[in-house]
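Working notes, beginning with the structure itself.
Count residues from 1 along the sequence. In listed order, ligands and their atoms are each counted from 1. Computed from a prediction, not measured in an experiment: that's the story for all the values here.
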Amino acid sequence: MQLGYLSFLSAVFSAATVVIAQEVHGNVTFEVRWNFTAPIETTDIKDAYEEAAAVQANLRIQQAINTTQTYTECLTNPSDLSPAAVYALKNCIVAENPLAFFTLLADDISASTDFWDGVIAQSTTDLTQFVPARTYVRGYYGDALTATDFAEWTLSAYADEVDLDVNPEHYYKHTIVDASGGAWSQILEGWGGVLSSFGTKRTNFTIPTYTIPTFNGSEGGYPTQWAIDSSFNPLLQRIGPKVLPDGQTMGFLHIAVRDVEATATNVSAVEIYSAVWYPPYDKALSADHEEFVTNYLADESHHMVVEIINDGLDAAADFAAASRRRRA
Ligand SMILES: *[C@@H]1O[C@H](CO)[C@@H](O)[C@H](O)[C@H]1NC(C)=O
Ligand SMILES: *[C@@H]1O[C@H](CO)[C@@H](O)[C@H](O)[C@H]1NC(C)=O
Ligand SMILES: *[C@@H]1O[C@H](CO)[C@@H](O)[C@H](O)[C@H]1NC(C)=O
Ligand SMILES: *[C@@H]1O[C@H](CO)[C@@H](O)[C@H](O)[C@H]1NC(C)=O
Ligand SMILES: *[C@@H]1O[C@H](CO)[C@@H](O)[C@H](O)[C@H]1NC(C)=O
Ligand SMILES: *[C@@H]1O[C@H](CO)[C@@H](O)[C@H](O)[C@H]1NC(C)=O
């Protein structure tokens, strides 16, 4: 049904031959690409995906509330399935108990761990055969945000604070940065089920290490195929394993950020690369493999676009507030 909704949207766009080369949110123009050399996407990605994901998240949370008869006071308007409604619902629930979703979504968590264990078991272990969910999102922030600002912000307490509000599919995030700048995160979030048929995989995982990567294809480094364009400064990149509660690694998260200089026509931009490299599921039934590498990976790439845009706008707002405080 959600797939139908997105297909419907693209049909409307093509029927009207409307070509939107960029999307604008909060006065910032964004350009989305699925890889570095790909053309800019011509339909708006963020709002359509966020709305479709919000319907699913809203219904799942409502069902959990209704089944357990807990947090019923948070469900003030069940017919509102918008992103704003799911953000308000989640915030009301965690205001009572920051760990609420680990209980409310316990069934989803165990089903998801089983799903990813299956993907791992039915995959070649060679990292060079892994497959990416990834996107490049460029936001024309001008002076409001730089690449260094964004990299710093993602490891700050602010990023955890707004986590529930940047994606309907986010349920928990807690990050600890150590003295050497290394980070540990615990995360509960879902992906899938909007563009793919496996359903939303609400997954409880940690990123126990999140460090500056080396792509040298040898022990301790990552595959050379995972390296990105040299315009991305290695120091503004991090990579870390996504580890399930049973200790298995389900994939590797790689984030990079760079400045794009202003031109005669454009203010300066911050370009963010986000990728998760997954086991290829190449030993699964061919229909499941196909579903995974096409629709599932597309699902998670779209999820990333929502999050990058909302995070970037929040980061810019935090820096604006901080500089106002400094000036005051
Ligand atoms: C966007 O820009 C317009 C015109 O400069 C301004 O009125 C409006 O408040 C801005 N909106 C945001 C969200 O910054
Ligand atoms: C990058 O995107 C283009 C256009 O969508 C596609 O033809 C190409 O295969 C992609 N390259 C990689 C490495 O995914
Ligand atoms: C949960 O219960 C409320 C109140 O009875 C109802 O309006 C809503 O439709 C229910 N939601 C789901 C997903 O069943
Ligand atoms: C590859 O990179 C890793 C991590 O930096 C390092 O430990 C290892 O020595 C490197 N291997 C080679 C052959 O350079
Ligand atoms: C979530 O994961 C953490 C650590 O990986 C684990 O301690 C906790 O029990 C898990 N919770 C659930 C509900 O699976
Ligand atoms: C950036 O500049 C190019 C070349 O002039 C133009 O085609 C493009 O629309 C501009 N993008 C933005 C977001 O202003």
Side-chain angles (χ1 to χ4, degrees), residues 1-2 52-82 85-86 88-90 92-94 97-117 120 127-128 160 163 168 170-176 180-190 193 199-228 233-235 237-254 256 277:
M1 191 202 164
Q2 303 317 323
V55 172
Q56 297 194 348
N58 257 307
L59 290 174
R60 178 64 190 106
I61 298 168
Q62 288 192 24
Q63 192 185 49
I65 290 172
N66 291 355
T67 305
T68 59
Q69 285 298 304
T70 54
Y71 309 102
T72 48
E73 64 286 359
C74 291
L75 189 54
T76 50
N77 187 1
S79 63
D80 185 353
L81 303 179
S82 66
V86 80
L89 180 57
K90 290 191 295 181
C92 175
I93 291 170
V94 301
N97 174 6
L99 301 175
F101 286 113
F102 288 94
T103 309
L104 280 174
L105 301 176
D107 291 348
D108 302 64
I109 291 172
S110 60
S112 175
T113 303
D114 290 347
F115 172 80
W116 289 112
D117 280 348
I120 295 163
L127 294 186
T128 67
D160 284 359
D163 186 63
H170 285 182
Y171 300 99
Y172 182 82
K173 178 168 176 281
H174 181 59
T175 300
I176 297 170
S180 68
W184 173 97
S185 293
Q186 167 104 47
I187 294 170
L188 172 56
E189 69 177 74
T200 310
K201 300 304 172 199
R202 298 184 179 91
T203 308
N204 174 24
F205 65 103
T206 58
I207 301 181
T209 60
Y210 191 51
T211 52
I212 295 168
T214 309
F215 300 103
N216 60 12
S218 20
E219 189 63 30
Y222 292 96
T224 53
Q225 295 92 324
W226 298 11
I228 56 175
N233 179 345
L235 297 179
Q237 298 187 41
R238 292 287 185 283
I239 194 162
K242 295 170 75 171
V243 180
L244 296 166
D246 65 9
Q248 294 222 73
T249 295
M250 59 179 281
F252 294 85
L253 174 68
H254 178 193
W277 288 90

(message) With a 6.0 Å cut-off on the ring centroids, do Y210 and H254 count as close?
(response)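 No; H254 has its ring centre 6.0 Å or more from that of Y210.
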
(request) For residues W226 and F252, establish whether the separation of their ring centroids is below 6.0 Å. (result)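 Yes - the distance between ring centres of W226 and F252 falls below the 6.0 Å cut-off.
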
(message) So if I count the atoms of ligand 5 from 1 in the order they appear, which ones are less than 4.0 Å from some heavy atom of F102?
(response)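 Here the atoms of ligand 5 in question are 13 (C).
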
(request) Tell me, with the steps shown, if E189 and N204 meet side chain to side chain donor-acceptor pair (under 3.5 Å). (result) CA-CA 7 Å; E189 69 177 74; N204 174 24; over 6 Å; no

(message) Donor-acceptor pair, distance only, cut-off 3.5 Å: does the side chain of H170 make one with the backbone of D163?
(response)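 Pair found, side chain donor or acceptor close to backbone of D163.
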
(message) Tell me if a side-chain donor or acceptor on Q62 pairs with a main-chain N or O of P78 at a distance below 3.5 Å.
(response)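 Such a contact is found between Q62 side chain and P78 backbone.
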
Can you list the ligand 4 atoms lying under 4.0 Å from a non-hydrogen atom of [X]?
| X | value |
| --- | --- |
| G220 | 3 (C), 4 (C) |
| S218 | 11 (N), 12 (C), 13 (C) |
| N216 | 1 (C), 2 (O), 3 (C), 8 (C), 10 (C), 11 (N), 12 (C), 14 (O) |
| E219 | 3 (C), 8 (C) |

When you check ligand 3 against the protein, what N or O pairs turn up below 3.5 Å? List the atom names and distances, or just say none.
{"residue": "ligand 3", "atom": "2 (O)", "partner": "N66", "partner atom": "OD1", "Å": "3.0"}
{"residue": "ligand 3", "atom": "2 (O)", "partner": "N66", "partner atom": "ND2", "Å": "2.3"}
{"residue": "ligand 3", "atom": "11 (N)", "partner": "Q62", "partner atom": "OE1", "Å": "2.9"}
{"residue": "ligand 3", "atom": "11 (N)", "partner": "N66", "partner atom": "ND2", "Å": "3.0"}
{"residue": "ligand 3", "atom": "14 (O)", "partner": "N66", "partner atom": "ND2", "Å": "3.4"}

(message) Before you tell me yes or no, could you show the steps for N216 and T214 under side chain to side chain donor-acceptor pair (under 3.5 Å), namely the whole-Å CA-CA distance, both residues' side-chain angles and the distance that decides it to 0.1 Å?
(response) CA-CA 6 Å; N216 60 12; T214 309; 5.3 Å; no

(message) Does S112 form a side chain to side chain donor-acceptor pair (under 3.5 Å) with D114? I'd like the steps, not just the answer.
(response) CA-CA 5 Å; S112 175; D114 290 347; over 6 Å; no

(request) State which residues pass side-chain hydrogen bond (donor to acceptor under 3.5 Å, both in side chains) with T72; sequence neighbours excluded, sorted by chain then number. (result)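 T72: no side-chain hydrogen bond (donor to acceptor under 3.5 Å, both in side chains) contacts found.
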
(request) Check whether any N or O atom of T206, backbone or side chain, sits under 3.5 Å from an N or O atom of ligand 5, and answer yes or no. (result)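 Between T206 and ligand 5 (N or O atoms, distance only) the closest approach is not under 3.5 Å.
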
(request) For the pair I176 and W184, evaluate side chain to side chain contact (heavy atoms under 4.5 Å, CB included) and give the outcome as yes or no after the intermediate values. (result) CA-CA 5 Å; I176 297 170; W184 173 97; 4.0 Å; yes

